[in-house]
Engineer: 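Handing you this structure, nothing more for now.
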Amino acid sequence: MAKKKKKREVDDRFKKFGTVSFTSISKVNDFISHLEQGKVMGTKCKKCGTVHFPPVADCAECLSSDIEWFEVTGTGKLVSFSKLTYAPVGFEEDLPYSIALLDYGDHKVFGRIAKDIPDDELAIGMPMKTEAITLPNGQLSYAFTRA
Amino acid sequence: MGKVGIIGVGQSAFVRGYPGSIRELAYEGFKGAMEDAKISNKDIDASIICSAPEYDKQRSPAGVIAEYLGLTPQPTFYLESLCSSSSMGVRTAYSLVKSGLHDVVCVLGFQKMSEITSAESQERMGRGADIQWESPFGTMMPAYYAMYARAHMEEYGTTEEDLALIRIKAATYGQMNEKAVYRKPVTMEQIFDPERPPVATPLKVFDCCANADGSSCIIVANEEKANALCDKPVWILGLGAASDTVNTAGRDLFTGLSVAIEAGKQAYEMAGVRPEDIDVAEVHDCFTIAEMMAYENLGFAEPGEGKELIKAKETYKEGKTPVNVDGGLLSKGHPIGATGGSQIRTIVLQLRDEAGPMQVKDPEIGLVHNIGGVGLYGNVTILGRS
Ligand SMILES: [Zn+2]
């Protein structure tokens, strides 16, 4: 029997991010493994200390690619939000949903507000948490929840 | 080295579903500019073709358009910065002319948004943001501007009614503009019709501009050529341009666009003028909140005071600083790559006293504010009669 040609291993973990992912290969694919373990993580440059969320593989400030991960913990302040009643292709089932931004001081996190929080509970400036979640279609993401 | 002027302007009507190909659409704006400048394609030394590539099926559209317009063998190239592509084109043309490399440069902006099906367009909309980190959440352009609207309302007490006043103004002038796609009046009742759900809270259907097909063309020339070829050249006095992060997480300001503040500052400084010197302006009102923020970012009003400007009708034709008295993007429609050129055309016509029913009284200095993406790219261009 002829030996099957061994396929090159492709690390395409990033395709698991969000309702629809448009990226599969990234040097920060570990972000997905951290999400799987229930952690939302950003990066910090070991050389100059610059903090990044979303995470980056490289630091353009000091040209170092020596980065470490940090967990997004505690609460951030709600900067703003908007509820969508129309969605791009692939997101129709999720409607309606609200996108939002949280400010953690040295970094900000963009994402969605957890479905179970009613609109009238939301106010700019309120503290919220960022939590890793698994979506109904099995994809991984994170959502903003009550502090 | 002398001044740089605009010697010809043209635009197609902005329409839904243009019945022709992209080269034919480009021809319409080009023909207008050629007739306006009273020159021929032989007088043009280079062309810059501007559009947003996600709507084009033709790879590298500059080639086929330059061919159709008879602009070969002169150099031609493609330029994009989303919705501000053709303002960036004029900025680039300025530098080509100012450097002495070329005498006369044609900036042709176009977009045939109906080139792709609405399903394809829906799919592309999902990729309009940072595709790695934001698009997986199901983001759309209106929702980002809606976040700015909500932040502005929270910080300054701006209301949905204040934003509606901007739409009503746009419709007032859109009715007078034969090139506009939306030529009907709009009432408060229509805007707040409970049968129409918000697109992205707090923005409603009438807070958003419409897609359209269209083209625009601006002919830029050096001082010598401008004076030789043109009776009433309009001069480029100031240029400003800036960029911001795509990802909203990288931004600090949500009650205004930092690119507009920065580009405005640069353009005012280069022109040696102040906001109160601007006699007529075109601002990028892809959404009503965008015009409100533009008032404040360009210094027509203090931060948070934009609502007082529109309430007092100071941005109407008879007001202190007339803004978008051609109907703006809200009424004209927004064919991405053509928009900046259309805005510049409006200001050139105003400064030549040729704006017909939309004419402001004796303007000397005009300003164009053109934004790409959600405050991703910003261009401010200041034009003058002398
Ligand atoms: Zn670093």
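Keep in mind it's a predicted model, so treat the numbers as computed, not measured. By convention in this document, chain letters (A, B, ...) are assigned in the order of the sequence lines, proteins followed by strands, and residues within each chain are numbered from 1.
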Engineer: Name the region of A:T85, side chain, backbone, both or neither, that has any atom closer than 4.5 Å to a heavy atom of chain B.
Structural biologist: both

Engineer: Within the structure provided, determine whether B:N247 and A:P54 are in side-chain contact (heavy-atom separation under 4.5 Å).
Structural biologist: yes

Engineer: So, the side chain of A:S80 versus the backbone of B:Y148: is there a donor-acceptor pair under 3.5 Å, distance only?
Structural biologist: no

Engineer: Just give me the residue among B:P142, B:A149, B:A200 that pairs up with chain A most often, heavy atom to heavy atom, under 4.5 Å.
Structural biologist: B:A200

Engineer: Tell me, side chain or backbone of A:P96 under 4.5 Å from chain B's heavy atoms, or both, or neither?
Structural biologist: neither

Engineer: Examine whether an atom of B:F137 lies under 4.5 Å from a heavy atom of chain A, and if so say whether it belongs to the side chain, the backbone or both; otherwise answer neither.
Structural biologist: both

Engineer: Is the NZ atom of B:K184 crowded by more than 12 outside heavy atoms at less than 6.0 Å?
Structural biologist: no

Engineer: Select all residues of residues 204-213 of chain B having any heavy atom within less than 4.5 Å of some heavy atom of chain A, and report them by number, or 'none'.
Structural biologist: none

Engineer: Please check if the number of heavy atoms outside B:E302 that lie under 6.0 Å from its CD is greater than 12.
Structural biologist: no

Engineer: Taking it one step at a time, do B:D252 and A:K108 satisfy side chain to side chain contact (heavy atoms under 4.5 Å, CB included)?
Structural biologist: CA-CA 9 Å; B:D252 294 321; A:K108 297 186 182 76; 2.9 Å; yes

Engineer: Quick one: what part of B:R251 sits under 4.5 Å from any heavy atom of chain A, side chain, backbone, both or neither?
Structural biologist: backbone

Engineer: Can you tell me if NZ on B:K311 sees more than 12 non-hydrogen neighbours from other groups inside 6.0 Å?
Structural biologist: yes

Engineer: Would you find more than 12 non-hydrogen atoms of other residues, nucleotides or ligands less than 6.0 Å from A:K83 atom NZ?
Structural biologist: no

Engineer: Please assess B:W133 against A:F14 for the test ring pair (Phe, Tyr, Trp, His ring centres under 6.0 Å), listing each intermediate value before the final yes or no.
Structural biologist: CA-CA 10 Å; B:W133 295 105; A:F14 212 88; 5.0 Å; yes

Engineer: Can you tell which of B:T248, B:V199, B:L203 has the highest number of heavy-atom pairs within less than 4.5 Å of chain A?
Structural biologist: B:V199

Engineer: Do you know which of B:S135, B:S121, B:A146, B:P197 has the most heavy-atom pairs with chain A at a distance under 4.5 angstrom?
Structural biologist: B:S135

Engineer: Out of A:A123, A:G125, A:A100, A:S82, which one racks up the most heavy-atom pairs below 4.5 Å with chain B?
Structural biologist: A:S82

Engineer: Within a 6.0 Å radius of atom CD on A:E93, are there more than 12 heavy atoms belonging to other residues, nucleotides or ligands?
Structural biologist: no

Engineer: Give, as side chain, backbone, both or neither, the part of A:Y142 having an atom under 4.5 angstrom from any heavy atom of chain B.
Structural biologist: both

Engineer: Tell me, out of A:L135, A:I124, A:I99, A:L84, who's got the most heavy-atom pairs with chain B below 4.5 Å.
Structural biologist: A:I124

Engineer: What's the verdict on side chain to side chain contact (heavy atoms under 4.5 Å, CB included) for A:L101 and B:F254, showing C-alpha distance, side-chain angles and the deciding distance?
Structural biologist: CA-CA 10 Å; A:L101 187 69; B:F254 291 91; 3.1 Å; yes

Engineer: With a 4.5 angstrom heavy-atom cut-off, is it the side chain or the backbone of A:F22 that approaches chain B, or both, or neither?
Structural biologist: both

Engineer: Between B:R127, B:E154, B:Q132, which shows the greatest number of heavy-atom pairs under 4.5 Å with chain A?
Structural biologist: B:Q132

Engineer: Is it the backbone or the side chain of A:Y86 that comes under 4.5 Å from a heavy atom of chain B, or both, or neither?
Structural biologist: both

Engineer: Mind checking the CZ-OG1 spacing from A:F81 to B:T201? Nearest 0.5 Å is all I need.
Structural biologist: 6.5 Å

